[in-house]
2 protein chains.
Amino acid sequence: MQNSPDKSSGVYQENSYLFSNYAILAARLNRFRRTYNRYSQMSKTRPSLKDIAKELNISVTTVSFVLNGKGREKKISKEVIERIEKYIESINYKPNPIARSLRTGRSGILVFMVEDISNYFFAKLARIMEDLGYKHDYKMIFCSTENNDRRSKELIHLFRERQVDGFFLIPSSGIEKEVKNLIRQQVPVVLFDRYFPGLETNQVMIDNGDAAFSATEHLINQGYKSPAFITTDVKQTQMTERLEGYEKALKKYGLTPNILKIPFSEIHSAAGKELIATFLSNNPETDSMFFATNYLTQSGLEVIKYKFPGWLDSNGVLTFDDNDLFRINTPSITAIAQPLEEIGKHLMSMMMTLVNSSKPSEVAIQQQCLKAELIQRESTQRH
Amino acid sequence: MQNSPDKSSGVYQENSYLFSNYAILAARLNRFRRTYNRYSQMSKTRPSLKDIAKELNISVTTVSFVLNGKGREKKISKEVIERIEKYIESINYKPNPIARSLRTGRSGILVFMVEDISNYFFAKLARIMEDLGYKHDYKMIFCSTENNDRRSKELIHLFRERQVDGFFLIPSSGIEKEVKNLIRQQVPVVLFDRYFPGLETNQVMIDNGDAAFSATEHLINQGYKSPAFITTDVKQTQMTERLEGYEKALKKYGLTPNILKIPFSEIHSAAGKELIATFLSNNPETDSMFFATNYLTQSGLEVIKYKFPGWLDSNGVLTFDDNDLFRINTPSITAIAQPLEEIGKHLMSMMMTLVNSSKPSEVAIQQQCLKAELIQRESTQRH
DNA sequence: CTGAAAGCGCTAACAC
DNA sequence: GTGTTAGCGCTTTCAG
């Protein structure tokens, strides 16, 4: 028996190996050892599907089916379904999501990647998305890219590996290729805030150009003759469109544009504030400033407060992106408010159509362009 | 051969099963089918450890060891190590973190649970933690509990299941049991902002009582005779300590406390603002207000601006928690600033000692109580 | 209708 | 030094 009677047969060769007494005993020993370890750990480890099946004397398959609500579909008997559900309930069993992810490739997690989660606009939107995700049984996770390509790429990779089910993305300028890749690999992606002009993506934007145009027109209508535009040197759509809106309005009224571009790296620094101060000194005719983002406005207000006190008494200020404290400031600041709730709603509904499709890249491209609202406050009331 | 010669032997019985022609063939068929499926998917699927091992003609063990930097320890030859590393590099292989988590029970993720991620204080701290985590090779994820027990518990469960490696927690009042459980189960937990008086936990707090005392004393020294304290009805430590600090100072100077407690549910609502307005009307002797949190201050400033214009010209305002815009406001607002960077630093270093221990619950309890800083601004300068 | 078993990709105990 | 293999907990195909 120890030797295979027919060396030429693969089947027998395989068996001859199995028949070696040593091999058999070693295998059994191993088996016992595993089982032992299994039981000795049992007390600390949570019950698994297998445990439930064993306890109920049915197979894991059946339990799994019931667990995933496929009981009826798989024609499992009512009594069995009930018995399983009752037991699961009673021991408060929850399937291990990691194991499930490993098997299914899905995770129930959506990522929300913004420039800086501590910025008011992004933080508020994140909060809204967190609740919306919750409603759809998705967990949202957030991260800050600093509008930096390397960091964005790293984060995309990281989450991709962790099997997140979809990306809400404020893209930094150099990640077009990564975004394309995600889409090609059937990963649901929705862009917002800014987009790639050459790339057809699912996205929800606001009409930056229109909003900036109206805002500038508002300044002009209020009697300001020389509105300046304070922006950054970022070349992404959200910024270029705002600039164009401003320029278009000035052109319409035959005024001369006056633009200050602050390097992105300096937007939170003293050097950035210095640039604003210098600009204001060098352009004394400026009777109003339109800031392209809320952090620029903060810097601007600080400069005005400490270096040009009284400037606001006779001059105007207007900002893109609202903020609770702009309402409270004296004077309160006229602001272009993005419709956060609406943005969130559209983002989530687009994402849901994508995650529910087996071929997200073949879902018809969805694009939304929302209107922002100009909230007129004291800072643009001519006295 | 088909029948076991000795039915009484378990060994032979097992083999007799294996020897059934049908069973063997079915098994082989299955095997082939799987393999086929495997290869047919190959093009879309990322390379796995097994693929690498096959390609390099070595075992997965060896590759795994090298991958985890155990090459030297396991005495794997230099050439092999190099060969593996080069290949891994060349195909840009990254191990699947889900599979790794399933196996190891760890995830490389830390959770940061706060009351409301869109609140300035929490958002800023989150941003700091995100960067600190990154430095220690941990991914941070954030979520908002709304200081609500049910939600906190759900989130803790959710993340616990997902094998997060540790919790930074601002506990809501009713989750003491859950926190205890986590600790008992050897899950690293660090509390901050507030704590459970009866429970010895790893924590980093600030000296709320001292800060509130000094701030109140500052008001009194500035000549304010009747400072009011505007707080919420929340009974957690961060709030009760602030209140005590205020009361202690008033007592020291023989003044009468005047306290407004706004229900937590109304802190962001119009009703909350109404309460402040009513308070101010009913207590005309109030010559300064000390707000216990930054959102109360926002409400307060709004009420003052729209219902009591000019009030700030002769009265004072002071706030717990700083905010960029308090600096910019006119008048700029005197604030108690928490040392965010320092809090973050301590939180992370405590967490690292916990995650690096095999028995986190046996690590000596670590507690830090940091000092907050009073930043004097215009809103408390007597004119 | 239910069960057996493969396999997701990795780790690590153990064999040799 | 290196290879074999069980097993983490689940899903799902296929058999019967």
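Residue numbers start from 1 in every chain, and the chains themselves are labelled A, B, ... in the order their sequence lines are given, proteins ahead of strands.
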Legend entry - B:A99 or B:V80, whichever maps to the more 5' nucleotide of DNA chain D: B:V80
Inset, instruction - Not counting sequence neighbours, which residues clear side-chain contact (heavy atoms from CB on, under 4.5 Å) with B:I81? List them please. - result: B:V66, B:I76, B:E85
Legend entry - Residue A:K75, side-chain atoms from C-beta onward, closest of D:dT11, C:dC1, C:dT2: C:dC1
Legend entry - Nearest-Å distance for atom pair CD1/P, residues B:I91 and C:dG9: 13 Å
Inset, instruction - Select one nucleotide: of C:dC1, D:dT2, C:dA4, the one nearest the side-chain heavy atoms of B:S59. - result: D:dT2
Inset, instruction - Give the nucleotide from the list D:dT11, C:dA12, D:dT2 with an atom nearest to the side chain of A:L67. - result: D:dT11
Inset, instruction - Whole angstrom is fine here: how far is it from CZ in B:R100 over to P in C:dT11? - result: 4 Å
Inset, instruction - Assess B:K70 against B:F65: is NZ or CZ under 6.0 Å from the centre of the six-membered ring, and within 45 degrees of the ring's axis? - result: no
Inset, instruction - Kindly point out which of C:dT2, D:dG9, C:dA5 is positioned nearest to the side chain of A:L102? - result: D:dG9
Inset, instruction - Would you kindly check whether a donor in the side chain of A:T61 faces an acceptor in the base of C:dA4, or vice versa, at under 3.5 angstrom? - result: yes
Inset, instruction - Check every atom of C:dT2, C:dC10, D:dT2 against the side chain of B:L49 and return the nucleotide holding the closest atom. - result: C:dC10
Inset, instruction - Give the intermediate values and the outcome of salt bridge (charged side-chain N to carboxylate O under 4.0 Å, His left out) for residues A:K177 and A:D149. - result: CA-CA 11 Å; A:K177 209 179 75 197; A:D149 292 337; over 6 Å; no
